[in-house]
Amino acid sequence: MSDATDPWLIVGLGNPGPDYAANRHNVGFMVADLLASRIGGKFKRAQKAQAQVVEGRIGPPGPASRRVVLVKPMSYMNLSGGPVTALREFYKVPTDHVVAVHDELDVDYGSLRLKLGGGDNGHNGLKSMTKAMGADYHRVRFGIGRPPGRMQVADFVLKDFSSAERKELAFLVDRSADAVECLLAEGLERAQSAYNS
């Protein structure tokens, strides 16, 4: 069972490389980048896994501060579970101290949902993580909505946010980072009541 001194693994899900950087599927990377800048860290290659990591602390100085390892798997989305599990074992992180930040088709654009456990809803990053370590980790689900018309899901998630969506994107990424910090500092119920929309 985890306790307050255990580190947290915050996993931003996405695909590596400039071609994917602004895709809907890469919003997890965007949130991880913002959290890294907030704690004054720069992502560097992990020694133990195919991933980039930043170590630091989130929250006010003192006992409320949480030790965190921010992670961007560099394995491509559908293989995220391998690097995440390697880092979870290396840093000795309990599964309920892992947080996946990811895009979510079944949540409207602009809305957030936080939860613990559950299914993968067809999300290949979650599917890979759950296969590797079970489902009992936290999720911060960033709503991207459903594709318009007959557009295939795979095409939709691998497209950049629309110009209309980009007007709000920085604010929404900021809000998602706030939600992660709230989850760590105050627990899931408080974070859900503050940020689920």
Side-chain angles (χ1 to χ4, degrees), residues 7-18 20-44 46 51-59 66-77 80-81 83-84 87-88 93 97-116 118 120-121 123-126 128-129 137-145 157-162 165-186 188 190-192 194-197:
W8 286 78
L9 208 62
I10 312 299
V11 181
L13 289 176
N15 287 307
Y20 297 102
N23 288 180
R24 292 181 177 93
H25 223 20
N26 268 44
V27 75
F29 275 17
M30 297 173 198
V31 175
D33 285 337
L34 179 58
L35 286 166
S37 72
R38 287 185 181 184
I39 64 175
K42 280 203 173 3
F43 277 99
K44 60 183 188 297
Q52 292 183 352
V53 295
V54 175
E55 295 180 53
R57 298 191 82 85
I58 282 179
R66 299 284 181 260
R67 187 172 150 231
V68 298
V69 182
L70 303 172
V71 180
K72 294 196 297 186
M74 292 286 120
S75 55
Y76 291 97
M77 185 68 86
S80 301
V84 173
L87 291 167
R88 187 178 79 78
V93 177
H97 273 213
V98 176
V99 182
V101 184
H102 63 92
D103 56 302
E104 178 58 63
L105 287 159
D106 283 339
V107 176
D108 290 340
Y109 182 71
S111 294
L112 275 183
R113 297 271 197 292
L114 286 79
K115 69 175 191 171
L116 174 62
D120 56 58
N121 209 18
H123 192 289
N124 288 332
L126 297 181
S128 179
M129 283 180 62
Y137 54 91
H138 288 86
R139 298 100 190 278
V140 175
R141 303 158 71 207
F142 185 109
I144 61 168
V157 299
L158 293 175
K159 279 202 173 8
D160 291 357
F161 286 99
S162 71
E165 288 168 337
R166 282 198 298 271
K167 290 178 180 151
E168 282 187 283
L169 185 59
F171 167 76
L172 297 171
V173 167
D174 194 65
R175 190 165 182 271
S176 302
D178 290 347
V180 171
E181 292 186 353
C182 182
L183 171 63
L184 270 55
E186 300 185 48
L188 179 61
R190 289 292 296 273
Q192 285 174 326
Y195 291 96
N196 277 13
S197 52

Chemist: For residues Gly14 and Phe29, report the shortest heavy-atom separation together with the two atoms involved.
Modeler: N-CE1, 3.3 Å
Chemist: If I take atom CD from residue Gln52 and atom CG from residue Asp33, how far apart are they, to the nearest 0.5 angstrom?
Modeler: 8.5 Å
Chemist: Mind listing the closest non-hydrogen atom pair of Met77 and Ser80 along with its distance?
Modeler: O-OG, 2.7 Å
Chemist: Show the nearest heavy-atom pair for residues Leu34 and Val173, with the distance to one decimal.
Modeler: CD2-O, 3.8 Å
Chemist: Which distance, rounded to the nearest 0.5 Å, do you find between the CG of Asn196 and the NZ of Lys115?
Modeler: 10.5 Å
Chemist: Under 4.5 Å between any side-chain heavy atoms of Leu158 and Asn15, yes or no?
Modeler: yes
Chemist: Which is it for Leu87 and Val11 under the side chain to side chain contact (heavy atoms under 4.5 Å, CB included) test, yes or no, and what are the steps along the way?
Modeler: CA-CA 10 Å; Leu87 291 167; Val11 181; over 6 Å; no
Chemist: State whether Arg139 and Asp120 are salt-bridged, where the test is any N-O pair (Lys NZ or Arg NE/NH1/NH2 against Asp/Glu carboxylate O) under 4.0 Å.
Modeler: no
Chemist: From His97 NE2 over to Leu183 CG, what is the distance, rounded to the nearest 0.5 angstrom?
Modeler: 9.0 Å
Chemist: Quick one, Leu70 and Ile39 - any side-chain contact, counting heavy atoms below 4.5 Å?
Modeler: yes
Chemist: Between Leu114 and Val99, is any pair of side-chain heavy atoms under 4.5 Å apart?
Modeler: no
Chemist: Does Ser128 use its side chain to pair, donor to acceptor, with the backbone of Asn124 at less than 3.5 Å?
Modeler: no
Chemist: Evaluate the side-chain proximity of Arg66 to Arg57: yes if any heavy-atom separation is below 4.5 Å, no if none is.
Modeler: no
Chemist: Let me see the working for Leu105 and Asn121 under side chain to side chain contact (heavy atoms under 4.5 Å, CB included), right down to the final yes or no.
Modeler: CA-CA 9 Å; Leu105 287 159; Asn121 209 18; 5.7 Å; no
Chemist: Can you find a pair of side-chain heavy atoms, one from Val69 and one from Val93, that are under 4.5 Å apart?
Modeler: no
Chemist: Do you know which two heavy atoms are closest between Ala179 and Ala191, and how far apart they sit?
Modeler: O-CB, 4.2 Å
Chemist: May I have the step-by-step check of side chain to side chain contact (heavy atoms under 4.5 Å, CB included) for Glu181 and Leu35, ending in yes or no?
Modeler: CA-CA 9 Å; Glu181 292 186 353; Leu35 286 166; 3.9 Å; yes
Chemist: Of all heavy-atom pairs between Val54 and Ala36, which one has the smallest distance, and what is that distance?
Modeler: CG2-CB, 4.0 Å
Chemist: Would you check if Arg38 and Asp174 make a side-chain contact, meaning some heavy-atom pair closer than 4.5 Å?
Modeler: yes
Chemist: Side chains of Asp103 and His123: does their closest heavy-atom pair fall under 4.5 Å?
Modeler: yes
Chemist: Please evaluate residues Val140 and Val31 with respect to the criterion side chain to side chain contact (heavy atoms under 4.5 Å, CB included), reporting the C-alpha separation (whole Å), side-chain torsions for both, the decisive distance (0.1 Å), and the verdict.
Modeler: CA-CA 10 Å; Val140 175; Val31 175; over 6 Å; no
Chemist: To the nearest 0.5 Å, what is the distance between OG (Ser111) and CG (Asp106)?
Modeler: 12.5 Å
Chemist: Once you round to the nearest 0.5 Å, how far does CD of Glu186 lie from CD of Gln192?
Modeler: 13.0 Å
Chemist: Which atom names give the shortest non-hydrogen contact between Arg175 and Ser197, and what distance separates them?
Modeler: NH1-OG, 3.9 Å
Chemist: Just how far is it from atom CD of Glu165 to atom CD1 of Ile144, taken to the nearest 0.5 Å?
Modeler: 8.5 Å
Chemist: In the structure I gave you, are the side-chain heavy atoms of Met129 and Val98 within less than 4.5 Å of one another anywhere?
Modeler: yes
Chemist: Among residues at least two apart in sequence or on other chains, which ones pass ring pair (Phe, Tyr, Trp, His ring centres under 6.0 Å) with Phe161?
Modeler: Tyr109
Chemist: Other residues, nucleotides and ligands only: do more than 12 of their heavy atoms fall within 6.0 Å of CZ on Arg190?
Modeler: no
Chemist: Just jot down the ring pair (Phe, Tyr, Trp, His ring centres under 6.0 Å) partners of His138, sequence neighbours excluded, or say none.
Modeler: Trp8
